[in-house]
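The figures here come from the full heavy-atom set of this structure, side chains too, leaving out hydrogens, waters and symmetry mates.
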Amino acid sequence: MVALRDKRHFASIAITLLAGVLVISVIGCFSSQEAVIRQPLSPIVWPQLPEQARIRFEYSFQSPEELGVKKGLLSWLAGDSKQNQLIQPVAVAVSDDETIYVVDVTGVLSSYQVATKKYRQQRSTKSGLLHTPVSLTLGKNDSVYLVDSESKKITVYTNKLHPVRELETGLDRPAGIVWDKWSNRLWIADAKGNRVVAFNLSGKVVAQIGDGLDSLTKLNTPTHLCIDSLGIYVTDAYNFQVKKYSFAGTLTQTFGKLGTNSGAFSRPKGIAIDSDSNLYVVDALFGNVQIFNPEGKLLLFFGTTGVTEPGNFNLPNGISIDHRNRIYVADTHHGMIQVFQYLAKQATTK
C-alpha cells in the first residue's frame, strides 16, 4: 500500500511538472515570437547598378505573424495557424497611421496595425456575409468603403472593421473605388456598365463619366481608379489604356496601348500615385508594375512573373502607396502583399 501511494504521489508530481512545462512552453512561444518578414540578404532594387536605384524591395507577408502580430492562446491550442493567412488578396489600402487594409476575394477584409501589432478580420456586412469583395478605399477618419461585386453594394466600416451601413450602387458590375477628399464623394468604376459613377456619402449619384458616344472618351471595362486634385485616373482595361478625366468628365490625358513592349499593356489593373505625381500601373499578365511620369512617359518598370521570390508576381492586382512612398502590391495568386520603397529623393525622370 505504501508503495502504491508512493507511485501515485510521484505520478501526481510528474503530471504537475508536465503541466508546468507545457504552460511555460506556451508562454515562452508567445513572449519570444519574432516577426518573420521575408527580407533579402542584400538589397533588391530597380533599376540595377550602375543605374541609380529608384525602387527597393522591402518585405512581403501572408499572415499577421509575419508582421510581428502574435496569435492568441486559444488560436494556438486550436491549431488554426492558416485561418488568418491571405488566400487571394485583390486590393490594399494604407492609412496615415500605417494600418494596412487588405481585401481577399475569398470574402475577408483584414487590417494590420503594424505599430501596435493588432490584427482584425471581418467577414460580414450589415446584412450578411461578404460574397465577392473586390476593392476598398479609405475615407474620413479612416472609415473603410468596400465594394462587393456580387451584391453590388458598398459596405461602410469603421477603422476597427465594424460594419455601420450599406449603400446600394445600382451598378452592373462595380469594381474599383476611390474616395474624393476634395468633394467628399465616392467614385466607382462600373466594369460592365463601361462608366465611372460618383456617389455622395448618402448613396446618391451626383456625376458620371466615360459612357459617352465619343470613341476617344468612351470606356471599355474600367476596373481600377486613383485620384489627385485635378481629376480621376481610370484603368480602361479592354482599351488597354489609362485615361484621366477632369471631375467634370472631360478627357484630359490618355496613354498606353495593347502590346508587349515597355509602356504597353496586356492586362492593366491597379493604379496609384506617389508624392512626385508619378503613376504606377499594375499589369497582371506581365507580372510587373510600370511607372509613368505625370506626362504619361514611361520611367521604368519593376517585377516579373515568377515563383515566390522578391519582386516576382503571379497575377498581381491592386496597389496602394502610403505617405512615405511605400508601395503595396496585392500579389493575388501568390497569396501575399509585397512591399517596396520608392526612393523619391534619388529619383529623376529620364
Engineer: Just wondering, do Lys118 and Val114 contact through their side chains at under 4.5 Å, heavy atoms?
Structural biologist: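 SC-SC contact between Val114 and Lys118 ruled out.
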Engineer: Got a donor-acceptor contact below 3.5 angstrom from the Thr125 side chain to the Ser127 backbone?
Structural biologist: yes
Engineer: Can you label the angle between the Phe61 ring and the Tyr112 ring as parallel, tilted or perpendicular, going by 30° and 60°?
Structural biologist: perpendicular
Engineer: Going from CG on Leu279 to CD1 on Ile321, what distance comes out if it is rounded to the nearest 0.5 angstrom?
Structural biologist: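 So the gap between those two atoms works out to 8.0 Å.
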Engineer: Out of curiosity, does Leu300 fall in the hydrophobic cluster containing Ile319 (side-chain heavy atoms, cut-off under 4.5 Å, transitive links)?
Structural biologist: yes
Engineer: Is Val90 close to Ser135 at the side-chain level, that is, under 4.5 Å between some pair of heavy atoms?
Structural biologist: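 Contact flag for Ser135/Val90 side chains = no.
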Engineer: Going from CD on Gln290 to CG on Asn278, what distance comes out if it is rounded to the nearest 0.5 angstrom?
Structural biologist: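 It comes to 13.5 Å.
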Engineer: Please assess Tyr233 against Leu225 for the test side chain to side chain contact (heavy atoms under 4.5 Å, CB included), listing each intermediate value before the final yes or no.
Structural biologist: CA-CA 6 Å; Tyr233 290 95; Leu225 308 172; over 6 Å; no
Engineer: Is there a side-chain contact between Arg123 and Leu130 in this structure, where contact means two heavy atoms from C-beta onward sitting under 4.5 Å apart?
Structural biologist: no
Engineer: Distance check, rounded to the nearest 0.5 Å: Ser320 atom OG versus Ile100 atom CD1?
Structural biologist: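 Between atom OG of Ser320 and atom CD1 of Ile100 there are 9.5 Å.
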Engineer: Mind listing the closest non-hydrogen atom pair of Pro294 and Asp276 along with its distance?
Structural biologist: CG-O, 4.0 Å
Engineer: Measure from the side-chain N and O atoms of Tyr328 to the backbone N and O of Asp322, and report whether any donor-acceptor pair falls under 3.5 Å.
Structural biologist: no
Engineer: Do Gln208 and Arg195 pair up side chain to side chain, a donor and an acceptor below 3.5 Å, judged on atom types alone?
Structural biologist: yes
Engineer: Can any side-chain N or O of Asn325 pair as donor or acceptor with the backbone N or O of Leu343 at less than 3.5 Å?
Structural biologist: no
Engineer: Would you call Asp236 and Lys218 a salt bridge, taking side-chain N to carboxylate O under 4.0 Å as the test?
Structural biologist: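 Answer for the salt bridge query: no.
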Engineer: Where is the tightest heavy-atom contact between Arg54 and Leu299, given as atom of each residue plus distance?
Structural biologist: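 What the structure gives for the nearest pair is NH1-O, 4.3 Å.
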Engineer: Would a 4.5 Å heavy-atom cut-off, applied to side chains only, mark Val103 and Val134 as touching?
Structural biologist: no
Engineer: Is it the case that the side chain of Thr158 and the backbone of His162 share a donor-acceptor pair, with hydrogens and angles ignored and the cut-off at 3.5 Å?
Structural biologist: yes
Engineer: Is the closest side-chain donor-acceptor distance between Ser143 and Asn141 under 3.5 Å?
Structural biologist: no
Engineer: Given 3.5 Å as the limit, does a donor-acceptor pair link the side chain of Asn317 with the main chain of Thr332, or not?
Structural biologist: no
Engineer: Roughly how far, to the nearest 0.5 Å, is the CD atom of Gln62 from the OG atom of Ser60?
Structural biologist: 7.0 Å
Engineer: Of all heavy-atom pairs between Ala175 and Ile188, which one has the smallest distance, and what is that distance?
Structural biologist: N-CG2, 4.3 Å
Engineer: Are Val197 and Phe247 connected in a single hydrophobic cluster, I mean Ile/Leu/Val/Met/Phe/Trp/Tyr linked by side-chain heavy atoms less than 4.5 Å apart?
Structural biologist: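 No; tracing contacts between hydrophobic side chains, which count when under 4.5 Å, never links both residues.
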Engineer: If we only count heavy atoms from C-beta on, is the His323 to Glu98 side-chain gap below 4.5 Å?
Structural biologist: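 Yes, their side chains come closer than 4.5 Å.
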Engineer: In the structure I gave you, are the side-chain heavy atoms of Val339 and Ile327 within less than 4.5 Å of one another anywhere?
Structural biologist: no
Engineer: Does a side chain donor of either Asp104 or Gln88 reach within less than 3.5 Å of an acceptor in the other side chain?
Structural biologist: no
Engineer: Drop me the distance from Asn239's CG to Thr221's OG1, to the nearest 0.5 angstrom.
Structural biologist: 8.0 Å
Engineer: Give a yes or no on this: more than 12 heavy atoms of other residues, nucleotides or ligands lie within 6.0 Å of atom OH of Tyr119.
Structural biologist: yes
Engineer: Spell out, as yes or no, whether a donor-acceptor pair under 3.5 Å connects the side chain of Asn293 to the backbone of Lys297.
Structural biologist: yes
Engineer: Answer with yes or no whether the side chains of Ser63 and Asn84 bring together a donor and an acceptor at under 3.5 Å.
Structural biologist: no
Engineer: What do the steps show when you test Lys244 against Leu230 for side chain to side chain contact (heavy atoms under 4.5 Å, CB included), and what is the final call?
Structural biologist: CA-CA 9 Å; Lys244 187 177 185 180; Leu230 299 177; 3.9 Å; yes
Engineer: Are Gln122 and Arg120 linked by a side-chain donor-acceptor pair shorter than 3.5 Å?
Structural biologist: no
Engineer: Mind jotting down which residue pairs meet the salt bridge (Lys or Arg N to Asp or Glu O under 4.0 Å) criterion with at least one end in residues 166-187? Sequence neighbours excluded, please.
Structural biologist: Lys153-Glu166, Lys153-Glu168
Engineer: Restricting to non-hydrogen atoms, name the atom on Ser275 and the atom on Ala344 that form the minimum distance, rounded to 0.1 Å.
Structural biologist: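 Minimum heavy-atom contact is OG-CB, 4.5 Å.
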Engineer: Treat each ILVMFWY residue as a node, draw an edge where side-chain heavy atoms are under 4.5 Å apart, and state whether Ile55 and Val289 are in one component.
Structural biologist: yes
Engineer: Between Ser124 and Leu129, is there a donor-acceptor pair closer than 3.5 Å when you use the side chain of the first and the backbone of the second?
Structural biologist: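 No, the answer is negative, given that no donor and acceptor are paired below the 3.5 Å cut-off.
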Engineer: Can you name the ring pair (Phe, Tyr, Trp, His ring centres under 6.0 Å) partners of Trp179, sequence neighbours left out?
Structural biologist: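 By the ring pair (Phe, Tyr, Trp, His ring centres under 6.0 Å) rule, Trp179 matches no residue at all.
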Engineer: Within the structure provided, determine whether Arg165 and Leu167 are in side-chain contact (heavy-atom separation under 4.5 Å).
Structural biologist: yes
Engineer: Return the minimal non-hydrogen interatomic distance between Phe286 and Thr305, and the atom names on each side.
Structural biologist: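 Shortest heavy-atom separation between Phe286 and Thr305 comes out as O-OG1, 3.3 Å.
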Engineer: Could you tell me whether a side-chain N or O of Asp331 sits under 3.5 Å from a main-chain N or O of Met336, the two making a donor and an acceptor?
Structural biologist: no
Engineer: Where do Leu216 and Thr254 land on the side chain to side chain contact (heavy atoms under 4.5 Å, CB included) test, with the steps shown first?
Structural biologist: CA-CA 9 Å; Leu216 294 178; Thr254 300; over 6 Å; no
Engineer: Compare every heavy atom of Cys226 with every heavy atom of Ile273, then report the nearest pair and how far apart it is.
Structural biologist: CG1-SG, 3.7 Å
Engineer: So if you build clusters from Ile, Leu, Val, Met, Phe, Trp, Tyr with side-chain heavy-atom gaps below 4.5 Å, do Leu138 and Ile232 land together?
Structural biologist: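 No, no single cluster joins them.
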Engineer: Hey, mind stepping through Asn288 and Phe302 against side chain to side chain contact (heavy atoms under 4.5 Å, CB included) and telling me if it holds?
Structural biologist: CA-CA 6 Å; Asn288 66 14; Phe302 65 93; over 6 Å; no
Engineer: Quick one about Asp142 and Tyr101 (side-chain donor to acceptor, distance below 3.5 Å, no hydrogens or angles considered), yes or no?
Structural biologist: no
Engineer: Listed by chain and number, what are the ring pair (Phe, Tyr, Trp, His ring centres under 6.0 Å) partners of Phe240, not counting sequence neighbours?
Structural biologist: none
Engineer: Could you tell me if the side chain of Thr155 sits less than 4.5 Å from the side chain of Leu109, heavy atoms only?
Structural biologist: no
Engineer: Treating Ile, Leu, Val, Met, Phe, Trp and Tyr as nodes and any side-chain heavy-atom pair under 4.5 angstrom as an edge, say whether Leu171 and Leu186 lie in one connected cluster.
Structural biologist: yes
Engineer: Take the angle between the ring planes of Phe265 and Phe255 and call it parallel below 30°, perpendicular above 60°, tilted in between.
Structural biologist: tilted
Engineer: Can you tell me how far apart CG (Asp190) and OG1 (Thr223) are? Round to the nearest 0.5 Å.
Structural biologist: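 That separation rounds to 12.0 Å.
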Engineer: What is the ring orientation for Phe57 with Phe340, classed by angle as parallel under 30°, tilted 30 to 60°, or perpendicular over 60°?
Structural biologist: perpendicular
Engineer: Hydrogens and angles aside, do Thr132 and Glu150 bring a side-chain donor and acceptor to less than 3.5 Å of each other?
Structural biologist: yes
